**Student:** 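This is the structure I want to talk about, given as structure tokens.
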Protein chains: 2
Amino acid sequence: MFAIGEASRQSGVGIETIRYYEREGIVPKPERAPNNRRMYSAHDVGRLRFLKKCRDLGFPLADTKTLLSLSEGDGEDCRSVKELAELHIFNVREKINELKRLEAALNELTANCDSGNVSCPMLSKLRTD
Amino acid sequence: MFAIGEASRQSGVGIETIRYYEREGIVPKPERAPNNRRMYSAHDVGRLRFLKKCRDLGFPLADTKTLLSLSEGDGEDCRSVKELAELHIFNVREKINELKRLEAALNELTANCDSGNVSCPMLSKLRTD
DNA sequence: ATAACTTCTGTAGTCGCTACAGGATCAAGA
DNA sequence: TCTTGATCCTGTAGCGACTACAGAAGTTAT
């Protein structure tokens, strides 16, 4: 059994974040030592690692919670997992496209910024209707 | 002079957002009609449109505020504008790259999801150390 | 006169943490 | 044994940029 600091180190999830997950019901309340400190089993730490990986993949916390319960439930519902993941991939692709549009627009706006104009070409473009 | 609803319609900035900008000191406090309602001039509306464009380009609100004062100050500091914009473009590119990494990782994780496995391949990958 | 719309102020919620404050407890060295 | 420093506890507030109310007051249209 590990104290919260050790669980944090082993899982990569910050101490404050672990306590936050507990408050939000993402992870079950851990055992407490007689001195009231949280004690985590290897299984608990594994769960935190699982959460970390999901978050690093960009899944929203709510999805992460769902994935965790799918992972720990009996009979892994692979179809549900796939649906969740594909929706997420879709969202990621949309964000990429939006950012690419942004990048292009910004490039265009700043294109004439070096030509020693009197008034800033980017600002004047931002001011036009 | 326009009431806040009309200013919102003409600028594309939501009513609540306009009031928020005022609270935060992004825009100056507008005149008030005798009935205490905010009244916006065409110039005020133009400023809101400027803000909207900056936000649509993904500039943080703080940068947007800076751009606005650069735009309204005397002597447009084109160099400052350019620096701000290029830093922003850099950040956008970084985000794109991170999302692409995410997308690739997600694609790999879900690749084997259809082969009728007994246990979900994505979940088991998420569980391994 | 009545209904429906708009605006006002002030506050709280969103997401996922992160950073305190103020106190208790523990481990290790002198 | 004492002290120092690390770790832990609870509870609360802050981040960014809005968004969504509640409850009241004023305006416009029928």
Side-chain angles (χ1 to χ4, degrees), chain A residues 1-27 29-40 44-45 47-48 50-68 88 91-92 95 98-99 102, chain B residues 1-27 29-40 44-45 47-48 50-68 84 87-88 91-92 95 98-99 102:
Chain A
M1 304 287 279
F2 317 104
I4 196 169
E6 189 57 28
S8 169
R9 247 164 272 132
Q10 285 188 29
S11 65
V13 180
I15 290 177
E16 311 267 17
T17 306
I18 294 175
R19 290 197 281 244
Y20 167 73
Y21 286 172
E22 183 184 332
R23 276 201 305 283
E24 296 299 302
I26 309 292
V27 297
K29 296 186 187 249
E31 282 184 58
R32 295 285 182 134
N35 56 13
N36 195 37
R37 298 191 169 185
R38 292 168 178 83
M39 297 304 288
Y40 296 89
D44 292 332
V45 172
R47 187 157 40 215
L48 290 171
F50 181 94
L51 293 177
K52 181 72 165 58
K53 280 184 203 152
C54 292
R55 296 290 301 122
D56 283 350
L57 285 166
F59 282 103
L61 194 50
D63 286 6
T64 299
K65 188 179 177 183
T66 304
L67 286 171
L68 181 63
H88 181 44
N91 290 331
V92 169
K95 250 179 221 155
E98 199 196 322
L99 287 173
L102 270 194
Chain B
M1 304 289 280
F2 316 104
I4 196 169
E6 187 58 27
S8 170
R9 247 165 272 131
Q10 285 187 32
S11 65
V13 181
I15 289 176
E16 311 267 17
T17 306
I18 294 176
R19 290 198 279 245
Y20 167 73
Y21 286 172
E22 184 184 331
R23 276 200 305 282
E24 296 298 302
I26 309 292
V27 297
K29 295 185 189 251
E31 282 186 57
R32 294 286 181 135
N35 56 13
N36 195 37
R37 297 192 170 185
R38 292 168 178 83
M39 296 304 289
Y40 296 89
D44 292 333
V45 172
R47 187 157 41 218
L48 290 172
F50 181 95
L51 293 177
K52 179 72 165 58
K53 280 182 204 155
C54 291
R55 295 290 301 122
D56 284 350
L57 284 167
F59 283 102
L61 194 50
D63 287 6
T64 298
K65 188 179 176 181
T66 303
L67 286 171
L68 181 62
L84 231 141
L87 183 57
H88 181 44
N91 289 331
V92 168
K95 250 179 223 157
E98 199 196 322
L99 287 173
L102 270 195

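Side chains are part of it too, since the values below use all heavy atoms of this structure and drop only hydrogens, waters and symmetry mates. Since the structure is predicted, the reported quantities are computational estimates derived from the model, not experimental observations. Lettering of chains follows the sequences in order, A, B, ..., and the numbering in each one begins at 1.
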**Student:** Restricting to non-hydrogen atoms, name the atom on Thr64(A) and the atom on Leu51(A) that form the minimum distance, rounded to 0.1 Å.
**Tutor:**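 Looks like CG2-CD2, 3.3 Å.
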
**Student:** Please identify each residue that fulfils salt bridge (Lys or Arg N to Asp or Glu O under 4.0 Å) with Glu24(A), with sequence neighbours left out.
**Tutor:**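 With neighbours one apart ignored, the set is empty.
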
**Student:** The test is side chain to side chain contact (heavy atoms under 4.5 Å, CB included); show your working for Arg32(A) and Arg37(A) and say whether it passes.
**Tutor:** CA-CA 5 Å; Arg32(A) 295 285 182 134; Arg37(A) 298 191 169 185; over 6 Å; no

**Student:** At the 4.0 Å heavy-atom cut-off to chain B, mark where contacts on DNA chain D begin and end, going 5' to 3'.
**Tutor:**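 Contact span on the strand: dA17(D) to dT27(D).
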
**Student:** Which atom pair, heavy atoms only, marks the closest approach of Ser11(A) to Val45(A)?
**Tutor:**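 What the structure gives for the nearest pair is CB-O, 4.1 Å.
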
**Student:** Using whole Å, report how far CD of Glu22(B) lies from P of dG10(C).
**Tutor:** 11 Å

**Student:** Under the salt bridge (Lys or Arg N to Asp or Glu O under 4.0 Å) rule, what do Glu6(A) and Arg9(A) come out as? Steps first, then yes or no, please.
**Tutor:** CA-CA 5 Å; Glu6(A) 189 57 28; Arg9(A) 247 164 272 132; 2.7 Å; yes

**Student:** Has the side chain of His88(B) got a donor or acceptor atom that lies under 3.5 Å from a matching backbone atom of Asp63(B)?
**Tutor:**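 Checked: no pair found.
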
**Student:** Does Thr17(A) put a side-chain nitrogen or oxygen below 4.0 Å from OP1 or OP2 of dG16(C)?
**Tutor:**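 So the side chain of Thr17(A) is outside the cut-off, no N or O lying under 4.0 Å from OP1 or OP2 of dG16(C).
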
**Student:** Starting at atom CD of Glu24(A), determine the distance to atom P of dG13(C), rounded to an integer number of angstrom.
**Tutor:**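 One finds 13 Å between P of dG13(C) and CD of Glu24(A), rounded.
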
**Student:** With a cut-off of less than 4.0 Å, is there a side-chain N or O of Asn35(B) near OP1 or OP2 of dC8(C)?
**Tutor:**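 For Asn35(B), the contact criterion (side-chain N or O under 4.0 Å from OP1 or OP2 of dC8(C)) is not met.
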
**Student:** So which atom in Cys54(B) and which in Leu67(B) form the shortest heavy-atom distance, rounded to 0.1 Å?
**Tutor:**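 Taking Cys54(B) first and Leu67(B) second, the nearest heavy atoms are SG-CD1, 3.8 Å.
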
**Student:** Once salt bridge (Lys or Arg N to Asp or Glu O under 4.0 Å) is applied, do any residues pair with Glu31(B), and if so which ones, sequence neighbours excluded?
**Tutor:**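 Once residues adjacent in sequence are excluded, Glu31(B) has no partner under the salt bridge (Lys or Arg N to Asp or Glu O under 4.0 Å) criterion.
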
**Student:** Just to be sure I understand the geometry, which residues of residues 54-62 of chain B put a non-hydrogen atom under 4.0 Å away from DNA chain C?
**Tutor:**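 Result for residues 54-62 of chain B: none.
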
**Student:** What is the distance, to the nearest angstrom, from the CD1 atom on Ile4(B) to the P atom on dC5(C)?
**Tutor:** 19 Å

**Student:** All N/O contacts under 3.5 Å from nucleotides 21-24 of chain C to the protein, with atom names and distances to one decimal?
**Tutor:**
none

**Student:** For Val13(A) and Tyr21(A), which heavy atoms make the closest approach, and how far apart are they?
**Tutor:**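 Closest heavy-atom pair between Val13(A) and Tyr21(A): CG1-CE1, 4.0 Å.
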
**Student:** Quickly work out the Lys65(A) NZ to dG16(C) C1' distance and round it to whole Å.
**Tutor:**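 The distance from NZ of Lys65(A) to C1' of dG16(C) comes to 14 Å, rounded to the nearest Å.
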
**Student:** Between atom OH in Tyr20(B) and atom P in dA12(C), what is the gap in whole Å?
**Tutor:**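 From Tyr20(B) OH to dA12(C) P: 17 Å.
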
**Student:** Looking only at heavy atoms, which two atoms of Phe2(A) and Ala7(A) are closest? And how far apart?
**Tutor:**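 Taking Phe2(A) first and Ala7(A) second, the nearest heavy atoms are CB-N, 4.2 Å.
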
**Student:** Over how many whole Å does the gap from Arg32(B) atom CZ to dC8(C) atom C1' extend?
**Tutor:**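 In whole Å, dC8(C) C1' and Arg32(B) CZ are 8 Å from each other.
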
**Student:** Output the rounded distance in Å from OH (Tyr40(B)) to P (dT6(C)).
**Tutor:** 16 Å

**Student:** Ignoring backbone atoms, establish whether Tyr21(A) has a side-chain N or O less than 4.0 Å from OP1 or OP2 of dC17(C).
**Tutor:**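 Yes, because at least one side-chain N or O of Tyr21(A) sits under 4.0 Å from OP1 or OP2 of dC17(C).
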
**Student:** Under 4.0 Å between any heavy atoms, over every strand shown, what does Arg19(A) touch: base, sugar-phosphate, or nothing? Just pick one.
**Tutor:** base

**Student:** If every non-hydrogen atom of Ile26(A) is compared with every non-hydrogen atom of Leu61(A), which pair is closest and at what distance?
**Tutor:**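 For Ile26(A) and Leu61(A), the tightest heavy-atom pair comes out as CD1-CG, 4.0 Å.
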
**Student:** Could you check how far CD1 of Ile15(A) sits from P of dA19(C), rounded to whole Å?
**Tutor:**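 It is 12 Å, rounded to the nearest whole Å.
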
**Student:** Please name all residues satisfying salt bridge (Lys or Arg N to Asp or Glu O under 4.0 Å) with Lys52(B), sequence neighbours left out, ordered by chain then number.
**Tutor:**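 Residues passing salt bridge (Lys or Arg N to Asp or Glu O under 4.0 Å) with Lys52(B): Asp56(B).
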
